[in-house]
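First up is the structure itself, then whatever we jot down about it.
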Amino acid sequence: QDDGRMLTFGLSANVGNLIYGPSRGAAQFIVNQQLHRGLVKFDENGTVVPALAESFEAVDTSTYRFTLRKGLVFHDGTPIDSATVKASLEYLARRETGAAIYAALSTLEAIETPDAHTVLVRLSKPNASLLDYLADPNAGISPPAALAPGAVNWIGAGPFRLKANDSGVSLTLVKADTYYDKDAVALDGVKFIFYPDSSARANALIAGDVDMVDFVGWEDFERIEATPKLVLDAVPGPFVYTLFNTGRAPFDNPKVRQAIAYAINRDNVVAAAFYGHGNPLNGMPMSPGNDRYDPAMGELWSYDPDKARALLAEAGVAKGMKISLLTSSTYSFFRDMALSMQADLKAVGIDAELNAPDWPTYTSAKNGGNYDLAVAGGAPSVTGPVYMQAYAVGAPASSFGSYGYDASEIVAHIQAGEAIAGDEEARAEYAKAVRIIGDQVPFLPLAQRSQAFAYTDRVKGFRNIPGFLSITGTGYMIEKTSIR
Amino acid sequence: MKRIILPLIAGILVAFAVAGPLLVPVDPLAQNILARFAPVGTPGHLLGTDNFGRDILARIATGAQVELLTALASTMIALSLGVSIGVTAAYSRGLTEDFLMRGIDVMLSIPPLILALLVVAVLGPSVPTLIGVLALLFTPGFARVAYGQTLSVRSRPFIQAAIIFGAPRRSIILGQILPNIVAPLLAQASLTIASAILVGSGLGYLGLGIRPPMPSWGGMVADGQRYLATHPMLMLIPGLFVVSAILTFSALGDTLRTLWDPREQGGR
Amino acid sequence: MGLAAYCGKRILIGLAMIVCVQVIIFLAIQVVPGDPVEAMLSETAGIGPDVVAALRQQFGLDKPMPVRLLNHVIGLLRLDFGISFQYSQPAFDIIASRLAVSIELVVLAAFFGITGGILLGSLSVQTRWGDRLVSILGPVILSVPGYVLGSVLILGLSLSLGWLPAGGVAPFSDPAEHVRRLVLPVVTLALPIAATIAKVTRFEILEVRTQDWVRTSRAYGFPTRVTFRRDILRNALTPVLTISALELGGLIGATVLVEKVFNLSGLGSLLVSSVSVRDYPLIQGAVFVISAFYIAINIISDIMYGFLDPRVSKR
Amino acid sequence: MGILTPEATAIAKPPLLAVRGLNIAFGDTGIVKDLSFDIAPGETLAIVGESGSGKSVTALSLLGLLGPRARVTGSIAFGGEELLPYDFGRLTGLRGNDVSIIFQEPMAALNPVYKIGRQLGDVLRNHLKLSPAEARARAVELLHKVKLPNPEVKCDQYPFELSGGQLQRVMIAMAIACRPRLLIADEPTTALDVTVQARILDLLRELQAEMGMSILFITHDFGVVADIADRVLVMRHGEKIETGPAGDLFSAPREDYTRMLLSAVPSLERRDFLEDAPAPSDDTTVLEFRDVGITFYGRRGHELKALDGIDLTIRRNEVVALVGESGSGKSTLGNVAAGLLRVNRGQVTIDGRLRQGAGTGKDLHSPGVSMVFQDANASLNPRMRIGATLRAALQWNRRYKPGLDCSDGHIRHLLSEVGLAPELFDRFPHELSGGQKQRVGIARALSVKPSLVVADEPTSALDVSVQKTVLELFRKLQRQYGFACIFITHDLSLAASISNRVVVMNRGRIVEQGPAAEVLRNPADAYTRALLDSIPLPDPAAQRARRARPAGPGTHP
Ligand SMILES: Nc1ncnc2c1ncn2[C@@H]1O[C@H](COP(=O)(O)OP(=O)(O)OP(=O)(O)O)[C@@H](O)[C@H]1O
Ligand SMILES: Nc1ncnc2c1ncn2[C@@H]1O[C@H](COP(=O)(O)OP(=O)(O)OP(=O)(O)O)[C@@H](O)[C@H]1O
Ligand SMILES: [Mg+2]
Ligand SMILES: [Mg+2]
């Protein structure tokens with residue numbers, strides 16, 4: 001009721017201390033995006049646009065040049081120059097930081113600062129997606145004080161600054177006068193109230209306690225749509241997929257993995273896990289906004305139980321084979337997805353027993369190869385095809401991949417694609433990688449879930465960015481948002 | 001009224017528990033996503049279907065066995081463990097008493113969540129584990145009741161008489177003390193069975209309840225709660241069964257208690 | 001003096017029990033599968049064993065178990081549970097910030113639950129409808145899980161009728177709103193307590209009612225009302241209060257589901273969320289508070305029992 | 001006794017209380033049938049009768065205290081005013097004000113959580129307009145009046161901190177607080193021991209003389225009747241047997257039932273000693289106590305020497321009566337012999353084996369000892385049938401005595417030995433009367449062929465007529481089996497009627513012992529004499545004569 005220009009936001013998780021670098025989930029991304037700003041950011045179409053950097057340029061796929069804006073300062077008035085940026089990025093490149101974008105910066109060779117406004121980033125290997133990584137919510141440039149493990153990171157260069165932190169309850173942010181684009185910011189501030197329970201969050205919106213919520217639970221979609229003056233802003237978001245333990249029979253056999261790819265009814269997965277709010281996937285998901293988007297990647301397999309049975313018979317798998325299906329009870333959609341798969345597997349003669357421990361136990365089991373088949377969820381932070389690498393490479397090298405899978409061939413093609421500057425030629429390389437994936441099935445995407453924000457119709461100028469960026473990019477929209 | 005309704009409910013529950021799958025010959029696991037959320041009274045699905053299109057009546061019937069088995073078994077185990085601890089503590093006094101009863105206090109002061117997690121970690125999730133966890137959670141309650149009751153019984157003259165007439169310790173505890181502390185233990189047990197059903201469903205969140213897709217009433221209530229706003233029947237139907245089971249058990253406890261009292265038994 | 005020595009002994013044993021709980025939990029956590037670092041990095045791409053090892057070292061998890069246990073016990077003396085992995089903040093501070101909500105909730109729920117239960121229990125022996133209420137509604141309330149009760153209340157009273165807010169907390173600076181927001185969660189927590197206490201109260205009153213001093217009181221011409229209050233209720237309350245204390249002691253860690261439904265960030269949900277990412281320092285700290293609360297309430301109830309029943313304290 | 005002679009009062013004034021055709025029923029069972037009696041102002045009427053004859057029910061009906069299940073019909077006129085049917089508003093004004101009542105168990109009759117002063121004050125303030133301070137002052141005054149030592153201090157104590165006799169004084173203070181016209185005393189002294197009982201009766205008599213109130217006195221002790229009553233009403237099964245002035249009733253009872261009751265009363269005066277008891281024929285020592293001592297430690301290091309330097313030897317065939325007032329250590333001694341308590345000092349030898357003392361083991365229990373308990377009901381497991389209880393005792397003892405016969409037939413035989421129908425074999429304890437239960441207790445004690453039986457007040461919970469038959473049975477069996485016996489009692493006349501030897505205890509010590517006749521006729525110790533003097537004689541004339549003499553040592557005839 002202040003002057004009506006304060007946005008009250010029901011956030012889907014508790015945000016504790018902000019720490020520079022590591023990823024702590026979607027809710028923390030949104031807060032980071034208000035307080036911090038990196039060299040670049042995403043716009044409403046999912047394109048990388050300049051932020052602290054006034055302009056940027058890819059010298060080649062392993063060398064990038066950034067030119068900083070003039071007169072940049074943090075909320076506390078500390079100036080930002082090329083040295084600040086260098087220190088920040090070097091900190092993120094350290095292994096001990098555990099940074100969300102460590103994968104991209106691990107190949108950092110050198111950062112040069114020819115002058116106070118120019119930053120030159122050199123990589124030892126080509127990486128066409130570096131800009132995507134630098135637009136990640138965890139890559140905001142931070143002051144020197146934040147560059148230590150465990151150091152708090154509330155002061156940044158973002159459009160809002162922290163006013164009050166009611167630990168565990170809410171965060172109050174007000175517009176920062178130090179922001180380089182402050183005139184474009186319509187809100188006077190944002191108050192984030194934490195609502196970890198999704199139906200409590202929906203209730204708060206319906207009851208008018210908050211103006212906006214993130215991560216609407218799928219079972220609440222209809223309820224919110226049916227409520228007058230509420231807007232449900234849903235887009236296809238992250239995806240869910242299946243992992244195979246390729247270290248042991250029967251999933252060491254690509255034929256069996258293929259059989260699974262044909263055995264699962266994706267429509268049922270969407271219906272059961274997401275209450276019908278999602279898209280079935282027959283291949284690799286991808287954000288259409290990316291320059292290297294290729295619709296052919298999405299057509300690799302389809303639901304065909306007869307073919308699955310044939311493949312299984314070909315692989316010599318006996319009917320009634322028992323396997324264990326790892327999922328987690330922490331997220332109901334994980335469990336529902338597994339239940340739906342279980343029925344499909346049974347239909348092709350595979351008897352899957354569910355193992356549904358809590359999240360950390362699930363993670364350890366997954367990383368340790370303690371499963372036959374596992375349910376997993378993916379929210380890539382880059383939109384380019386390079387994202388597939390992290391999912392193709394097997395655990396333990398990459399925690400997103402199938403246990404024991406050797407993806408060197410796939411990686412080689414993806415890296416080759418990353419090294420090519422031209423989109424068209426690069427696409428050909430990625431297509432090769434995708435063909436191997438279609439054949440080998442190192443991981444099996446099943447559905448893209450609907451990711452929704454919801455808000456009152458007083459909220460204007462906000463837009464949920466479709467695709468993976470719904471999680472990593474949409475938070476940038478708040479500075480463009482206004483409220484009547 | 002109570003005289004007709006309670007046995008009726010009890011009869012239905014027991015019938016389901018003994019012969020549920022035979023009475024409702026529909027596969028409780030058969031999914032039909034297209035037919036999900038069918039309302040009560042849909043032909044072929046008397047009580048409707050759930051979010052996977054599974055028949056709710058069949059799930060209730062199949063769940064009865066597991067539900068009643070876990071509740072009863074865990075209560076029985078907790079009862080025997082708790083009574084052994086409580087009676088031993090009260091009967092031996094001294095160091096043993098302090099050790100046992102403070103141990104019980106320590107158990108009670110550990111949040112149940114953590115206790116449950118630990119047991120599952122050691123045993124792995126399964127129905128026997130669930131029974132074990134519940135038994136562990138309820139043991140202290142029984143121990144406390146048994147302890148207090150034994151203390152008051154052991155000073156009564158008939159115990160002294162038993163000592164004087166040379167009763168060995170074993171038969172004092174089993175033959176003299178135990179029969180005289182049964183009534184309050186029965187009361188506690190009927191309460192515990194109710195909690196077992198409730199807590200059992202709560203533990204489902206930790207992934208250590210009854211392993212899906214096996215149905216259990218508590219689990220169905222917990223799942224149904226998600227659809228409370230849109231499809232309340234998903235929670236209300238199993239909820240009704242939980243409530244009636246609990247009411248039946250507490251009535252049963254009362255009846256047993258009366259029967260146990262020699263004043264209520266005929267002379268000969 | 002007797003009382004002081006008794007209290008002293010109880011407190012010492014209580015402290016020993018707290019340490020005991022801490023050691024048990026510490027050892028238990030080691031056995032429980034799941035790793036805090038892996039859980040924390042589960043959503044970060046391209047993480048290999050090297051990063052995991054680096055973070056383990058940063059959290060001090062690379063030290064051998066006995067050393068960590070020793071450090072923990074030493075830290076306990078200063079109420080220092082370590083830095084939360086998840087929040088990078090001393091676990092103590094986080095717990096302290098959550099404690100107020102929990103305590104307010106628990107104390108209010110216990111207060112209304114206990115007084116309501118005593119009232120209902122008293123009514124149940126005096127009136128027929130009170131008897132019906134307690135003997136039929138009581139078990140029904142006790143068989144409805146808290147989260148269901150809470151959800152139903154929200155759907156009915158908040159969303160449909162709009163009488164009360166759906167959840168959350170309001171600061172003390174806005175007392176009216178603060179109270180409004182507490183109503184539903186307190187009711188949800190207090191109802192089962194009231195049902196239990198009513199049952200116990202009823203039982204105790206029936207027990208006391210047959211005692212000789214009640215007959216004496218009537219024989220000396222005290223009005224029924226006075227006899228009930230002075231000679232029945234007062235004596236029945238002693239055991240009721242002990243049981244109430246037990247209920248209260250267990251309550252602080254058991255409000256998780258209600259906190260969840262009403263979006264209150266209390267100790268219970270903190271414990272659950274720290275378990276779900278294996279945030280060891282927070283788990284230890286939360287368990288410390290919960291067990292200390294339980295043990296303290298028990299000690300207080302034992303001592304209080306002595307005051308309520310002079311036969312206990314003076315002997 | 002009143003100032004006026006009973007006959008005079010009865011004629012001179014209209015009765016204070018007139019009960020006509022009183023019928024009381026609970027449900028369908030009639031408890032009191034067609035009862036009529038009067039109480040004149042200043043008169044004391046005693047109602048006597050065996051347990052369950054309806055004495056208490058009658059008393060409670062006068063004040064409408066029987067509860068909603070009772071149906072009371074007939075006429076109760078108090079001071080000319082008809083109380084039936086009850087008007088509870090009116091009764092509330094009457095209760096504690098015009099009519100007061102004292103109950104048997106003073107400890108149970110007072111609320112344990114309030115201080116004495118508060119409870120007295122509440123009664124005063126309930127009927128009189130007093131400030132709390134005034135009420136307290138009056139309470140202290142009343143406590144003075146009932147001769148409670150240290151009233152100021154006692155006011156601030158809780159009931160459990162006072163002894164039984166002191167509590168009964170508090171109850172009396174409460175009863176006379178509002179100067180009632182009628183005082184109902186329902187067995188006010190039954191729970192107290194003789195010395196205390198004597199003082200309470202004296203006090204009641206004094207108060208009555210001072211305040212001129214009437215007393216309805218309920219008891220089953222004819223000694224007490226003789227001491228206090230002007231007139232007596234004998235009841236049985238809820239009906240009046242006879243009524244008349246106390247003197248006439250004792251000297252010339254009209255009804256057989258009354259005669260039977262009177263003859264059941266053991267009496268020192270009637271020289272009811274075991275003169276014919278054979279001296280122990282056998283010199284085998286069964287039990288030997290040497291310098292035995294037990295000290296209990298209360299809270300705050302308070303020490304209590306419950307037994308102090310006890311030397312005692314009991315031989316086969318010998319019955320030793322242990323007497324002494326409450327708290328003198330009688331039960332403690334019995335429990336030591338039975339192996340229930342460990343001594344701090346001295347030696348206990350049973351059947352020639354050292355049981356307690358230096359070098360003895362953990363097991364105190366001796367297979368040669370069995371016990372009969374005071375509370376027969378509590379000593380039987382309520383959930384075991386009689387047969388099972390007896391069989392268990394036999395089976396346990398078979399470990400020591402392989403010859404014991406555990407067959408049902410033998411157990412039925414044991415039951416018939418103590419005069420019980422063999423059908424009782426399958427009954428639960430609650431299905432037996434008090435006398436029957438005590439017989440079971442005796443059967444159990446004897447079943448294991450003990451060499452020593454400890455009987456701790458085995459008959460004090462029974463009423464006189466039952467008490468007599470149980471005692472006779474006990475005496476018969478003792479002669480038959482020849483076991484040694486410690487018979488604990490605080491009833492000296494009873495001790496005299498059953499024992500070869502009397503041991504008098506006081507404060508944990510043995511103050512005097514010797515053959516029963518000798519100790520009781522010529523007590524050497526002052527304490528024994530005081531004990532003897534406290535026993536009311538079951539003869540109004542003799543009792544009146546004794547009371548007339550100045551109290552002092554050596555006043556026993
Ligand atoms: N409230 C009651 N309901 C039913 N029966 C009762 C009740 N009170 C007493 N009685 C019965 O009435 C009869 C007379 O009881 P009462 O207490 O008057 O005996 P009493 O003569 O006082 O005996 P005692 O000497 O043992 O005190 C007994 O058989 C008893 O069981
Ligand atoms: N276990 C005990 N702990 C402390 N004091 C005790 C204990 N048992 C008995 N006493 C005390 O020892 C004293 C003797 O008790 P005991 O029971 O032997 O008396 P008694 O002569 O049998 O009395 P009564 O005639 O009342 O039965 C009493 O003052 C009693 O309070
Ligand atoms: Mg009586
Ligand atoms: Mg005694």
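In what follows, chains are A, B, ... by sequence order, proteins preceding strands, each numbered from 1. Since we're looking at a predicted model, the values are computed, not measured.
A heavy-atom distance below 4.5 Å is found between the side chains of C/R234 and D/Y114. Residues C/S217 and D/D122 form no side-chain contact, since every pair of their non-hydrogen atoms from C-beta on lies 4.5 Å or further apart. Looking only at side-chain heavy atoms (C-beta outward), D/T92 and C/F222 stay at 4.5 Å or farther from each other.
Of all the heavy atoms in D/L63 and C/A219, the pair that sits closest is CD1-O, 4.4 Å. The shortest heavy-atom contact between D/R95 and C/R218 is CD-O, 2.9 Å. The nearest pair of heavy atoms linking D/A108 to C/D212 is O-CB, 3.2 Å.
Ranking D/P159, D/P112, D/G96 against chain C, the residue ahead of the rest is D/P112, based on heavy-atom pairs under 4.5 Å.
Within the 4.5 angstrom heavy-atom criterion, no atom of D/M107 approaches chain C. At a 4.5 Å heavy-atom cutoff, the contact between D/A175 and chain C is made by backbone and side-chain atoms alike. With a 4.5 angstrom heavy-atom cutoff, D/N111 touches chain C via backbone and side-chain atoms both. Within the 4.5 angstrom heavy-atom criterion, atoms from both the backbone and the side chain of C/D231 approach chain D. In this structure, no portion of D/L91 lies under 4.5 Å from any heavy atom of chain C.
Counting heavy-atom neighbours within 6.0 Å of C/F26 CZ, excluding the residue itself, gives a total above 12. C/F203 CZ: 12 or fewer foreign heavy atoms inside a 6.0 Å radius. In this structure, C/K199 places its NZ atom where only 12 or fewer heavy-atom neighbours from other residues, nucleotides or ligands lie under 6.0 Å away.
Put simply, the side chain of D/N126 gets close to the backbone of C/Y220: a donor and an acceptor are under 3.5 Å apart. Not one N or O on the side chain of C/T216 forms a donor-acceptor pair closer than 3.5 Å with the backbone of D/L110.
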